[in-house]
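Contents: one structure, followed by commentary.
Throughout, a chain's letter reflects where its sequence line sits, starting with A, and its residues are numbered from 1.
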There are 4 protein chains.
Amino acid sequence: MQTKIGEAAARGRPRSETVRLAVLMAVDDLLVEEGYEAMTMKGIAERAGVGRQTVYRWWSTKAEILYEACVVDAGRDLAAGADDPGDLDAFRRRVAGFLASTDAGASYLALLAAAQLDPAVATLMRGGDPVRAAACEALRAAPGDDPDDIDDAVAALLGPLVYAALTGP
Amino acid sequence: MQTKIGEAAARGRPRSETVRLAVLMAVDDLLVEEGYEAMTMKGIAERAGVGRQTVYRWWSTKAEILYEACVVDAGRDLAAGADDPGDLDAFRRRVAGFLASTDAGASYLALLAAAQLDPAVATLMRGGDPVRAAACEALRAAPGDDPDDIDDAVAALLGPLVYAALTGP
Amino acid sequence: MQTKIGEAAARGRPRSETVRLAVLMAVDDLLVEEGYEAMTMKGIAERAGVGRQTVYRWWSTKAEILYEACVVDAGRDLAAGADDPGDLDAFRRRVAGFLASTDAGASYLALLAAAQLDPAVATLMRGGDPVRAAACEALRAAPGDDPDDIDDAVAALLGPLVYAALTGP
Amino acid sequence: MQTKIGEAAARGRPRSETVRLAVLMAVDDLLVEEGYEAMTMKGIAERAGVGRQTVYRWWSTKAEILYEACVVDAGRDLAAGADDPGDLDAFRRRVAGFLASTDAGASYLALLAAAQLDPAVATLMRGGDPVRAAACEALRAAPGDDPDDIDDAVAALLGPLVYAALTGP
DNA sequence: GGATAATCGAGACGGTACGTCTCGTCTTCCT
DNA sequence: AGGAAGACGAGACGTACCGTCTCGATTATCC
């Protein structure tokens with residue numbers, strides 16, 4: 001197998017995909033078992049059976065790892081049905097299910113909360129919030145006049161769902 | 001009269017109100033200056049000019065301190081206007097201003113987020129959420145039929161406001 | 001009851017002899033039970049059933065308390081037999097028994113050690129070492145020419161006994 | 001050949017000899033400057049320019065560090081002359097000089113005292129007392145009949161010297 | 001096929017917050 | 001005034017995790 005034309009030749013041992021997946025799974029598991037606050041870089045490395053430096057080589061913080069683990073699954077879980085692109089009520093039900101019942105939903109809520117407490121995480125989430133992106137798309141596809149302020153519309157659509165998930169049991 | 005009847009005589013040196021206020025103010029200041037995540041019990045004690053053990057004697061975690069600092073101000077800032085008890089739009093504006101512009105609002109958002117990441121904080125907030133309490137009261141006073149599910153009604157009322165505050169700038 | 005003529009009238013509540021004895025007994029007990037290092041002012045006060053400030057009012061350190069508890073008993077235990085003032089072998093046996101078998105002996109060894117580690121205790125012991133005093137008296141009463149250097153003579157007399165007690169089981 | 005047969009391959013970063021020596025020197029210095037009682041694990045780490053955890057990784061207590069610093073030097077300082085193996089008076093002079101004038105001698109006296117106050121230190125010293133070991137060897141080499149009780153002989157030999165050093169200026 | 005280079009597991013390193021302990025002082029009420 | 005109770009500022013305790021570093025071992029590409 002050859003390297004793609006135009007790519008710098010990758011010298012040295014290539015990154016282990018096994019390690020990447022082991023870390024992402026470890027983060028998912030630990031979030032459920034211990035919660036975000038109790039989760040540590042040390043614990044993640046040990047759970048994944050991986051050296052600590054190896055984790056730091058590819059991610060800077062636990063939030064970054066969780067974000068990567070989250071976006072992969074969020075696309076799948078959220079766009080799952082993809083029933084009627086214009087049905088906002090169906091989208092609402094899908095988001096509610098995502099937040100309440102999936103690992104990726106729990107990760108997303110944790111990241112949303114962490115972004116509130118740590119500016120570094122806020123920067124991470126600012127650009128690529130997968131749920132917000134899905135909401136924007138659903139709003140665009142929905143019939144009716146485009147709202148004046150997209151932010152208000154998203155808040156009206158997602159706000160009650162997210163609030164219920166945050167304060168719910 | 002020296003001590004109230006039925007009250008145990010207070011033995012030993014009484015708790016210093018000065019210290020209590022210094023700690024609450026320190027927490028308010030540090031939350032604004034450094035953020036919740038960077039705030040530490042050590043830092044709070046030093047900022048308040050108080051021994052570390054003295055802080056631990058009265059509060060277990062920074063969340064507990066912040067909660068006490070928050071509820072005191074929340075009642076004042078939130079119920080301030082109290083213009084028309086039945087005007088939900090006025091209540092919405094008041095909450096939006098509280099979340100966006102007051103120290104107590106910032107504390108409240110931080111606690112809401114921290115509750116998502118730390119089960120201990122969740123327990124703390126479960127019982128006495130001052131904003132939720134105000135929302136329940138506003139809903140009760142508003143004209144119109146009482147909603148079937150109070151939780152849904154609160155989510156519809158506060159959700160967009162809180163979501164906007166969480167994801168806003 | 002009246003105050004003695006020529007003495008300043010003792011105003012206020014007089015010092016409680018009960019408290020003094022309770023503290024001295026507590027120190028003796030705690031030395032045996034927990035050892036000198038583990039003994040604390042707080043622990044002494046609690047064991048004696050006495051306020052902490054009350055202990056500090058009359059003594060500055062645990063060494064001072066132990067010293068007072070020691071000298072009272074040392075005189076009794078050491079001069080007990082008082083058989084033949086000139087018999088150095090009898091004195092040796094008496095000292096060995098004192099160091100090995102009495103509470104006051106244990107206290108004395110602890111103070112001797114503490115003096116080595118803490119200059120404040122060293123100052124305390126410099127002046128009034130009860131065992132050294134007894135040894136000097138025994139040497140003076142013994143027949144034979146007075147030694148040139150009293151320090152050497154005391155070291156020759158007490159050294160082996162103290163060393164054995166220090167390193168013994 | 002890379003690793004000796006039967007030896008486990010040393011994994012991870014090897015222990016820093018620089019750190020070990022820095023800590024031992026810091027202990028020696030602090031004992032002289034501040035005394036044993038005032039010496040703290042925190043202070044040792046700071047003086048050595050070393051993390052606190054690094055000290056705890058290799059030693060449990062300040063006594064353990066001092067012991068390691070002491071035995072290294074004691075062997076050198078004590079067996080230095082080694083003039084006539086059978087000359088007990090020469091040995092006495094060597095020990096007296098060791099106790100009075102060397103850092104290792106001061107460390108030894110501090111450990112001897114600490115062993116009296118703290119059972120953990122006593123256990124540490126019980127096995128490997130370097131001065132006692134030297135004394136046993138000197139006695140064995142000395143002409144004359146072997147004593148009935150080695151403990152008595154050591155006490156007679158070292159007792160006066162140690163006692164003088166303990167109570168001296 | 002040997003040199004080069006980046007990855008991996010392991011773990012020591014300096015640093016810092018944790019929550020607990022005792023210190024010695026203080027402030028209150030009670031006797 | 002003495003004494004018991006207990007809050008106070010201060011600071012060391014031993015532990016945990018932080019992020020960095022330095023090892024030996026492994027696994028790829030390049031010459």
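In the helix from E:dG1-F:dC31 to E:dT31-F:dA1, the end axes, each obtained as the rotation axis mapping the C1' atoms of four pairs onto the next four within a five-pair block, lie 10° apart to the nearest 10 degrees.
Pairs engaging residues 50-65 of chain A under the side chain to side chain donor-acceptor pair (under 3.5 Å) rule: A:Trp59-A:Glu68 [sequence neighbours left out].
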Pairs of donor and acceptor atoms involving the side chains of residues 21-30 of chain D, under 3.5 Å and at least two apart or interchain, shall be tabulated with distances.
none

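Proximity of D:Trp58 to the phosphate of E:dC13: a side-chain N or O atom is located under 4.0 Å from OP1 or OP2.
For DNA chain F, the neighbouring residues in residues 17-28 of chain B, judged by any heavy atom under 4.0 Å, are B:Val19.
At whole-Å resolution of the value, CD in A:Glu37 and P in E:dC18 are 12 Å apart. With rounding to whole Å, D:Arg47 atom CZ is found 20 Å from E:dG15 atom C1'. Straight-line distance from the CG atom of A:Asp118 to the P atom of F:dC18: 13 Å, rounded to whole Å. To the nearest angstrom, C1' of F:dT26 lies 11 Å from CZ of D:Arg11. Regarding B:Trp59, its CH2 atom lies at a distance of 15 Å from the P atom of E:dG19, rounded to whole Å. To the nearest angstrom, C1' of F:dG9 lies 17 Å from CD1 of B:Ile44.
Remark: D:Leu31 CG to D:Ile65 CD1 distance equals 12.0 Å, nearest 0.5 Å. Taking CG from D:Leu111 and CG from D:Leu124, the interatomic distance works out to 7.0 Å, rounded to the nearest 0.5 Å.
Between C:Thr54 and D:Pro14, the residue anchored closer to the 5' end of DNA chain F is C:Thr54, taking for each the nucleotide with the nearest heavy atom. Each of B:Ala48 and D:Gly12 was matched to the nucleotide of DNA chain F holding its nearest heavy atom; the match closer to the 5' end belongs to B:Ala48.
Taking all atoms of both residues into account, the shortest heavy-atom contact from B:Ser107 to B:Cys70 is CB-CB, 4.0 Å. Closest approach of A:Ala110 and B:Leu117 over heavy atoms only: O-CD2, 3.5 Å.
Taking a cutoff of 4.0 Å between a charged side-chain nitrogen and a carboxylate oxygen, C:Glu34 and C:Arg47 do not qualify as a salt bridge.
Applying the salt bridge (charged side-chain N to carboxylate O under 4.0 Å, His left out) criterion to D:Glu46, with sequence neighbours excluded, gives D:Lys42.
No side-chain donor-acceptor contact under 3.5 Å links C:Tyr36 to the backbone of D:Gln116.
Looking at D:Asp103 and D:Asp73, their side chains never come closer than 4.5 Å, going by heavy atoms from C-beta outward. Between A:Asp129 and A:Tyr108 the shortest side-chain heavy-atom distance falls below 4.5 Å.
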Along nucleotides 20-25 of chain E, 5' to 3', which nucleotides get a B, which get an S, and which get a -, given that the test is a protein heavy-atom distance under 4.0 Å?
BBSBBB
